[in-house]
2 protein chains.
Amino acid sequence: MRGPTIYDVASAAGVATSTVSRAFSTPSRVGAATREHVLAVAEQLGYRPNPHARALLSDHHSTVAMVVSDITNPHYFELIRGAEMRAKASEHTLVLVNAEESARIELEQIQRLLPSVDGFVLAASRLPDENLAHLAAQRPVVLVSRELPGLPCALLDHVDGCRQIVQHLDSLGHRHLVYLAGPRSSWMASTRWSALRTAADEAGMRADRVGPFTPKVAQGGLAADAALVTGATAFVAHNDLLAIGVVQRLQQRMVRVPADVSVVGFDDIFAADLCTPRLTTLGGAHADVGRAAVEILLKAAVRGTADGPPVRVVLPTELRLRESTGPVA
Amino acid sequence: MRGPTIYDVASAAGVATSTVSRAFSTPSRVGAATREHVLAVAEQLGYRPNPHARALLSDHHSTVAMVVSDITNPHYFELIRGAEMRAKASEHTLVLVNAEESARIELEQIQRLLPSVDGFVLAASRLPDENLAHLAAQRPVVLVSRELPGLPCALLDHVDGCRQIVQHLDSLGHRHLVYLAGPRSSWMASTRWSALRTAADEAGMRADRVGPFTPKVAQGGLAADAALVTGATAFVAHNDLLAIGVVQRLQQRMVRVPADVSVVGFDDIFAADLCTPRLTTLGGAHADVGRAAVEILLKAAVRGTADGPPVRVVLPTELRLRESTGPVA
DNA sequence: ACAACCAGGGCAAGGGGTTGTCAAAAGTTG
DNA sequence: CAACTTTTGACAACCCCTTGCCCTGGTTGT
């Protein structure tokens with residue numbers, strides 16, 4: 001399949017190829033009448049400029065890549081959706097990459113795409129700081145659920161969110177929580193932990209941590225057992241998937257939720273509102289995060305790489321109170 | 001960002017650019033020693049062939065597009081995941097497109113990508129047959145959850161699946177089912193309906209249909225109410241999302257599930273196993289469907305468009321028995 | 001009436017690779 | 001050692017589009 005080229009249009013319209021090109025990209029450099037004629041001919045021929053040829057010399061691709069740490073996690077759906085829609089709105093293509101929780105794969109894929117995208121949205125990147133900095137020197141990069149001084153990012157306000165969680169638990173009479181941590185290389189995991197600890201300190205509440213765990217349902221059993229031995233009355237799981245697994249294990253062990261133990265998750269995935277008991281979780285507009293990330297990226301790709309401090313979009317979180325948390329016995 | 005080119009490699013290695021090119025693409029046309037030397041130099045320079053330049057004349061892009069009717073639907077996660085992994089395994093990039101349940105958007109996006117991908121996987125395409133045929137003439141196309149004579153496709157065996165559903169309901173004593181239909185332009189919706197009807201006929205069971213409905217939770221209320229007036233004892237919803245919405249509405253109307261009414265869904269999404277009551281649903285290896293679809297596409301892209309009849313991969317389905325179905329009162 | 005301008009449009013050089021053609025170098029055979 | 005066949009590698013055209021530069025013909029100013 002080879003569509004009509006600029007040459008076909010040019011000869012059909014009786015002008016030079018440069019005129020056709022300009023009719024599209026630099027309208028001011030071409031007479032109004034000529035321009036219209038060219039456009040009409042192009043339309044009639046079904047001409048579409050070849051993106052590769054264009055990319056070849058402009059290094060502009062109308063494509064952004066989004067790398068997610070694990071596409072299996074339903075939490076990313078919203079993020080992906082928001083990113084996809086924003087990209088489409090600007091007539092950009094969204095390339096989706098799954099890093100499978102592996103820094104190596106993540107880096108490999110990024111290298112592969114380096115010459116053919118305008119920039120990267122890295123969601124919960126597992127890459128070490130140096131790699132990120134090096135990458136950012138070559139292409140615009142926007143971080144999601146991760147921060148690095150000097151790089152723009154979009155994320156939910158987990159510091160405030162963790163405070164909400166702690167306040168909620170505090171008001172229910174809990175004096176001891178345990179954080180069921182996410183992966184070691186997850187920036188989000190350390191952020192949540194330190195925010196929880198700070199908030200707990202302020203409330204005079206004890207905060208322990210167990211883990212790290214891979215944040216999947218299957219790991220919930222392990223996490224639940226580990227958390228139980230701390231004696232905490234409130235379990236804060238790294239995400240909803242883990243929380244759901246934890247609840248299942250607790251039920252299996254005849255520990256009542258929330259009568260004996262309260263459980264809180266993060267992300268407010270679709271299933272959090274459907275499981276039993278319905279899960280109290282820290283939600284936020286993930287789609288907006290995806291949207292914002294792509295937006296920042298597109299802006300960065302247009303103007304020169306650096307002007308002013310990097311953008312930092314922080315969206316609010318809200319604790320969705322449901323049935324998995326309750327007053328301490 | 002402009003990486004080293006083939007020229008840099010050539011001069012660094014002291015050979016012609018054509019030699020470098022052939023060292024990569026046509027090893028047999030180059031001396032073993034020369035080849036190794038070139039490769040070493042390239043590696044050392046961090047050279048990566050520019051995909052655009054290559055695509056420009058070979059019309060081969062190492063990219064496949066996957067169009068889904070609605071990215072919001074969790075059912076697609078698995079499909080996307082399978083497709084993404086298969087594409088990656090062949091060092092191809094997966095471009096994700098959301099058609100937002102609109103044939104117009106679907107077509108627009110496809111046009112946009114036409115010159116830059118090797119082919120399309122169309123999941124639950126809402127496009128009319130003519131469009132599909134026309135598209136297939138330009139690029140390899142693989143259908144998912146849809147069939148069209150002449151085009152390859154990958155799908156789950158819903159005919160058998162519907163038979164399983166009917167047999168299951170029959171064995172529970174149900175004599176009257178109603179299908180809560182999906183969108184009018186959905187091939188899957190008509191397929192399921194006709195398969196259900198056939199199976200019901202064979203079992204001497206009455207089968208009604210209501211709808212069409214947009215297969216989302218929010219539409220469940222409407223669907224449930226419509227289904228109730230048919231007097232059927234078994235509701236077969238177009239997908240799990242709709243089924244979940246239906247169950248919620250039934251509970252709200254004090255109709256007990258499954259004591260008063262049995263509900264069956266399709267897809268076996270993650271949440272189906274978590275909601276209350278847990279949903280009986282027709283499952284299948286969706287990831288494998290995605291994998292198969294990309295695999296077919298890749299093969300089709302290599303050899304000439306047409307040789308032999310189009311591949312048709314049908315994967316088995318299995319009814320996941322859970323709590324939303326029970327014996328008729 | 002003529003110089004100075006300017007808008008509109010054409011020419012041609014890339015941008016990074018691939019590939020058909022061809023000549024030089026190397027190896028074979030008698 | 002001449003005549004001939006195989007490798008190897010170099011040249012250059014081409015893929016499609018963008019863009020700097022130049023040329024033309026028409027305006028404007030004095």
Side-chain angles (χ1 to χ4, degrees), chain A residues 1-42 45-63 111-118 138, chain B residues 1-42 45-63 91 112-118 138:
Chain A
M1 116 103 223
R2 271 273 136 107
T5 77
I6 205 171
Y7 292 95
D8 301 325
V9 178
S11 70
V15 298
T17 63
S18 49
T19 303
V20 177
S21 176
R22 281 196 262 265
F24 281 97
S25 51
T26 328
S28 63
R29 276 296 322 269
V30 130
T34 319
R35 169 150 193 268
E36 245 172 81
H37 177 226
V38 167
L39 259 38
V41 171
L45 252 52
Y47 165 75
R48 310 182 67 85
N50 182 318
H52 295 299
R54 178 172 286 179
L56 203 48
L57 60 174
S58 70
D59 197 25
H60 170 52
H61 314 270
S62 296
T63 300
Q111 302 281 20
R112 231 179 74 68
L113 292 173
L114 213 40
S116 37
V117 303
D118 295 322
Q138 309 182 61
Chain B
M1 118 102 224
R2 271 272 134 107
T5 75
I6 205 170
Y7 293 94
D8 301 326
V9 177
S11 71
V15 299
T17 62
S18 51
T19 304
V20 177
S21 175
R22 282 196 256 267
F24 282 96
S25 50
T26 328
S28 64
R29 284 277 281 116
V30 119
T34 318
R35 169 149 193 273
E36 245 173 81
H37 177 226
V38 168
L39 260 38
V41 171
L45 252 52
Y47 165 75
R48 310 181 67 85
N50 182 318
H52 295 299
R54 179 172 285 179
L56 204 47
L57 64 171
S58 71
D59 197 24
H60 171 51
H61 314 270
S62 295
T63 299
E91 304 201 294
R112 230 179 75 66
L113 292 173
L114 213 41
S116 38
V117 303
D118 295 323
Q138 308 182 62

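Labels below follow one simple rule: chain letters A, B, ... track the order of the sequence lines, proteins then strands, and each chain is numbered from 1.
Close to C/dG9, at under 4.0 Å from its OP1 or OP2, lies no side-chain N or O of A/T19.
Comparing B/Y7 and A/P4, the nucleotide of DNA chain D nearest to each residue sits closer to the 5' end for B/Y7. Projected onto DNA chain C by closest heavy-atom contact, A/R54 and B/S21 fall at different nucleotides, the more 5' of which corresponds to A/R54.
The main-chain N or O of A/R22 is never found under 3.5 Å from a side-chain atom of A/T26 such that the two would form a donor-acceptor pair. Side chain of B/S25 to main chain of B/S21: a donor-acceptor pair is present (N/O by atom type, distance under 3.5 Å, no hydrogens or angles).
When all heavy atoms of A/P4 and A/G46 are compared, the closest pair comes out as CG-O, 3.7 Å. The shortest non-hydrogen separation linking A/A23 to A/V30 is N-CG2, 4.3 Å. The minimum heavy-atom distance between A/S62 and B/R112, with the atom names listed, is O-NH2, 4.1 Å. Taking each heavy atom of B/V41 and B/A12 in turn, the nearest pair found is CG1-CB, 3.7 Å. Closest non-hydrogen pair, B/Y47 versus B/I6, comes out as CE1-N, 3.6 Å.
Residue-level contact check: B/Y47 touches the backbone only, with heavy atoms under 4.0 Å from sugar-phosphate atoms and none from bases. Here A/T5 lies in heavy-atom contact (under 4.0 Å) with sugar-phosphate atoms only.
Each end of the helix from C/dA1-D/dT30 to C/dG30-D/dC1 gets its own axis, taken as the rotation carrying the C1' atoms of four end pairs onto the next four within a five-pair window, and the two axes meet at 40° to the nearest 10 degrees.
Residues B/T34 and B/H37 are not in side-chain contact: their nearest non-hydrogen atoms beyond the backbone lie 4.5 Å or more apart. Looking at A/R48 and B/L114, their side chains never come closer than 4.5 Å, going by heavy atoms from C-beta outward. Considering only heavy atoms from C-beta on, B/T17 stays 4.5 Å or farther from B/T5 through its side chain.
Bounding nucleotides for the chain B contact on DNA chain D, 5' to 3', at a heavy-atom distance below 4.0 Å, are D/dT8 to D/dC16.
In this view, B/H60 and B/D118 satisfy the side chain to side chain donor-acceptor pair (under 3.5 Å) rule, not counting sequence neighbours.
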Criterion side-chain contact (heavy atoms from CB on, under 4.5 Å) on A/L56 and B/N50, from CA distance to verdict: CA-CA 9 Å; A/L56 203 48; B/N50 182 318; 4.1 Å; yes
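A/R29 contributes atom CZ, which lies 9.0 Å from atom OG1 of A/T19 (distance to the nearest 0.5 angstrom).
To the nearest angstrom, C1' of C/dG17 lies 6 Å from CG of B/L57. Rounded to an integer number of Å, the gap from CZ of B/R48 to P of C/dG17 is 12 Å. Note: CZ (B/F24) to P (C/dT19) measures 15 Å, nearest angstrom. The nearest whole Å value for the distance from the CG atom in B/N50 to the P atom in C/dG14 is 18 Å. If you take CG of A/D59 and P of C/dG15, they are 13 Å apart, rounded to a whole angstrom.
Remark: A/V15, A/A16 in residues 9-16 of chain A come within less than 4.0 Å of DNA chain C through at least one heavy atom. Listed in residue order, the members of residues 34-42 of chain B having a heavy atom less than 4.0 Å from DNA chain D are B/T34.
The aromatic rings of B/H52 and A/H61 lie parallel to each other, with less than 30° between the two planes, well short of the 60° mark.
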I'd like a table of atom pairs between the protein and nucleotides 21-23 of chain C - only N or O on both sides, under 3.5 Å - with the distance next to each one.
none

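In A/Q111, the CD atom is crowded: over 12 heavy atoms of neighbouring residues, nucleotides or ligands sit closer than 6.0 Å.
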